[in-house]
Amino acid sequence: MKKLKVLSLIFACCFLLVGCGDNQVLSCTINQEQNGLNMDQTVDVTFSGNQVTNVKMTVDSEATDDTIKNNWDAFAKMLDEQYPDSNKNGIKVTKENSKDDFTYKISIDVDVKKASDDDLADYNLSGLADAEGTYDSVKKQAEKSGFTCK
């Protein structure tokens, strides 16, 4: 369960390196199975020039272990608290919790130009508004971290 917070930190590190040409989108995915969870993660980063303008992260989790399934309510509550609903300018958080098939989906969509640094920090995305780099360097770094990018 701590892994999801660590994964958010990994996403934040990836985003700190981002940037590229006008209105390009870098889409990276990874699948991991750890601690009784199968997680599909997708990160879409939109660039304008050498600045990140939008970041959308989605983590689809499915319990594969009976321990998590038997404690699903506590697991879902922990994720709800870790990723609170947002009424903050520039940040949209959506969550889908299905107790029937033990899946939990979190999406965080950030309009970097509208979101404040303090609000970004709440989601472990500090420094995102100042992120610079190139499309190719971000892709290379993400792929070194195990992501598949296009």
Side-chain angles (χ1 to χ4, degrees), residues 1-32 34-35 37-63 68 71-99 102-150:
M1 292 182 236
K2 271 187 165 177
K3 271 295 192 208
L4 288 177
K5 189 163 190 165
V6 170
L7 292 172
S8 295
L9 219 68
I10 290 169
F11 282 133
C13 290
C14 288
F15 297 140
L16 290 174
L17 302 171
V18 218
C20 193
D22 292 324
N23 298 319
Q24 284 188 301
V25 177
L26 177 63
S27 182
C28 299
T29 60
I30 191 170
N31 175 275
Q32 296 178 318
Q34 298 175 345
N35 300 328
L37 284 176
N38 184 27
M39 295 179 286
D40 289 315
Q41 302 166 54
T42 303
V43 181
D44 294 318
V45 182
T46 304
F47 307 93
S48 179
N50 285 332
Q51 294 293 311
V52 175
T53 58
N54 187 273
V55 175
K56 183 171 184 180
M57 298 182 298
T58 303
V59 180
D60 285 308
S61 302
E62 179 179 5
I68 293 175
N71 296 291
W72 186 256
D73 290 336
F75 174 75
K77 181 180 178 186
M78 185 227 22
L79 288 177
D80 284 341
E81 290 171 357
Q82 189 172 350
Y83 298 95
D85 291 328
S86 177
N87 60 356
K88 298 174 182 187
N89 193 24
I91 300 174
K92 180 180 180 186
V93 176
T94 57
K95 298 176 273 190
E96 298 172 25
N97 174 10
S98 176
K99 188 175 183 175
F102 304 104
T103 59
Y104 194 99
K105 179 178 180 177
I106 301 168
S107 293
I108 302 174
D109 194 347
V110 180
D111 181 331
V112 177
K113 292 181 180 186
K114 292 181 181 178
S116 74
D117 287 337
D118 288 341
D119 291 344
L120 289 170
D122 290 344
Y123 294 95
N124 295 317
L125 297 173
S126 298
L128 184 60
D130 300 323
E132 293 184 6
T134 67
Y135 181 97
D136 290 335
S137 67
V138 173
K139 181 178 177 183
K140 184 177 178 180
Q141 183 63 37
E143 289 174 343
K144 281 175 70 174
S145 298
F147 285 84
T148 301
C149 300
K150 56 180 181 169

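All residue numbers in this chain count up from 1 along the given sequence. Remember, predicted model here, so these are calculated numbers, not experimental data. No hydrogens, no waters, no symmetry mates; every other heavy atom, side chains included, goes into these values.
- K77 pairs by the side chain to side chain contact (heavy atoms under 4.5 Å, CB included) definition with E81, not counting sequence neighbours.
- With sequence neighbours excluded, the residues satisfying salt bridge (charged side-chain N to carboxylate O under 4.0 Å, His left out) with D73 are K99.
- When atom types are taken as modelled, the side chain of T46 and the backbone of N23 share no donor-acceptor pair closer than 3.5 angstrom.
- For the pair I108/Y83, a side-chain contact is recorded, criterion being any heavy-atom separation below 4.5 Å from C-beta on.
- Taking NZ from K140 and CD from E143, the interatomic distance works out to 10.0 Å, rounded to the nearest 0.5 Å.
- By the salt bridge (charged side-chain N to carboxylate O under 4.0 Å, His left out) test, K113 pairs with no residue at all, sequence neighbours left out.
- Side-chain contact between V59 and M57: absent, with no pair of heavy atoms (C-beta onward) separated by less than 4.5 Å.
- Separating the NZ atom in K139 from the CD atom in Q24 is a distance of 10.5 Å, to the nearest 0.5 Å.
- Applying the salt bridge (charged side-chain N to carboxylate O under 4.0 Å, His left out) criterion to D80, with sequence neighbours excluded, gives K95.
- Closest approach of A115 and V110 over heavy atoms only: CB-CG1, 4.1 Å.
- K88 meets the side-chain hydrogen bond (donor to acceptor under 3.5 Å, both in side chains) test with D122; sequence neighbours excluded.
- Taking CD of E62 as the start and OH of Y104 as the end, the distance is 15.5 Å to the nearest 0.5 Å.
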Please report the C-alpha distance between L37 and F75 in whole Å, then the side-chain angles of each, then the deciding distance to 0.1 Å, and finally whether the side chain to side chain contact (heavy atoms under 4.5 Å, CB included) criterion is met.
CA-CA 11 Å; L37 284 176; F75 174 75; 3.6 Å; yes

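- Listed by chain and number, the residues in a side chain to side chain contact (heavy atoms under 4.5 Å, CB included) with S27 are T42, D44, K150 (sequence neighbours excluded).
- Take D119 and apply the side-chain hydrogen bond (donor to acceptor under 3.5 Å, both in side chains) test, not counting sequence neighbours, and it matches S116.
- For the atom pair N54 CG and K114 NZ, the distance stands at 10.0 Å (nearest 0.5 Å).
- By the side-chain hydrogen bond (donor to acceptor under 3.5 Å, both in side chains) test, D60 pairs with no residue at all, sequence neighbours left out.
- Donor-acceptor pairing under 3.5 Å is recorded for the side chains of N31 and D40.
- Smallest separation of non-hydrogen atoms from L26 and C149: CD1-CB, 4.0 Å.
- Counting heavy atoms from C-beta outward, T58 and K56 have side chains that approach closer than 4.5 Å.
- W72 and A63 get closest at one heavy-atom pair: CZ3-CB, 3.8 Å.
- Rounding to the nearest 0.5 Å places CD1 of I106 at 7.0 Å from CD of Q82.
- By the side-chain hydrogen bond (donor to acceptor under 3.5 Å, both in side chains) test, K92 is found to be paired with no residue, residues two or more places apart in sequence or in another chain being considered.
- By the 4.5 Å heavy-atom criterion applied to side chains, I91 and D109 are not counted as neighbours.
- Of all the heavy atoms in K105 and S107, the pair that sits closest is CE-OG, 3.9 Å.
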